[in-house]
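A short worksheet on the structure shown next.
Computed from a prediction, not measured in an experiment: that's the story for all the values here. Count residues from 1 along the sequence. Each ligand, and each atom within it, is numbered from 1 in the order the structure gives.
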Amino acid sequence: MDFAHKTAHRIANESDIVVFEDLNVAGMQRFNGKMVADNIMGLISGLTRYKVELRGGIHHEIGRFERTTGVCSSCGQHHKLTLKDRYFTCTRCGLASDRDYSSAIAVERKGELDLMANGTVVRASKSPNTQQKLGVKTKVFALVKLPLGSEEIDKAAD
Ligand SMILES: [Zn+2]
């Protein structure tokens with residue numbers, strides 16, 4: 001519980017937009033048994049949603065059946081990986097990738113597309129001046145409409 005809270009707190013404080021993949025925890029539990037029995041991922045996702053929305057940010061979950069594993073982050077080529085394959089080299093462009101890192105990029109991109117498609121955010125044309133100070137590449141989006149449920153949070157804050 002302590003780990004889940006600390007992890008959710010860190011994620012919620014690092015980003016204004018957080019995208020999670022619906023991991024079908026119930027299905028994973030049936031498949032892997034004890035390994036995910038305590039549903040730590042579901043707990044972290046739920047806590048992160050609460051913390052990020054409290055700060056006025058956006059928590060978005062992409063669909064369970066969205067393909068994110070084995071997708072090349074450079075060219076988008078799909079690769080069939082077994083659970084043992086932690087790294088793969090793209091058969092189209094040759095990029096060597098870490099399985100989890102490339103999945104995270106695929107989740108991020110799908111989340112961005114979802115949020116732009118449903119009109120929640122637009123890509124901002126100009127980056128803020130703080131961009132240089134951060135030292136990391138930050139994508140900038142402008143909020144178009146408040147995410148669902150934010151009215152209740154505003155009311156609760158009054
Ligand atoms: Zn590639």
Exercise for the section: Answer yes or no: is there an ion pair linking E112 with R123, defined by an N-O contact shorter than 4.0 Å? Expected result: yes
Handout entry: Atom NE2 of H78 with >12 non-hydrogen neighbours under 6.0 angstrom
Key = yes
Fill in the blank from the handout: With a cut-off of 2.8 Å, strictly less than, protein N/O/S atoms near the Zn ion (ligand 1) add up to 4
Handout entry: Backbone N/O of R10 and side chain of N13: donor-acceptor pair under 3.5 Å
Key =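 Not confirmed, N13 side chain does not pair with R10 backbone.
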Practice task
Would you confirm whether S102, through its side chain, and D98, through its main-chain N or O, come within 3.5 Å as a donor-acceptor pair?
Solution key: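 The answer is yes, because a donor-acceptor pair under 3.5 Å joins these two groups.
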Practice task
Please list, chain by chain and in numerical order, all residues satisfying ring pair (Phe, Tyr, Trp, His ring centres under 6.0 Å) with H60, sequence neighbours excluded.
Solution key: none
Handout entry: Between D100 and S103, a side-chain donor and acceptor under 3.5 Å
Key = no
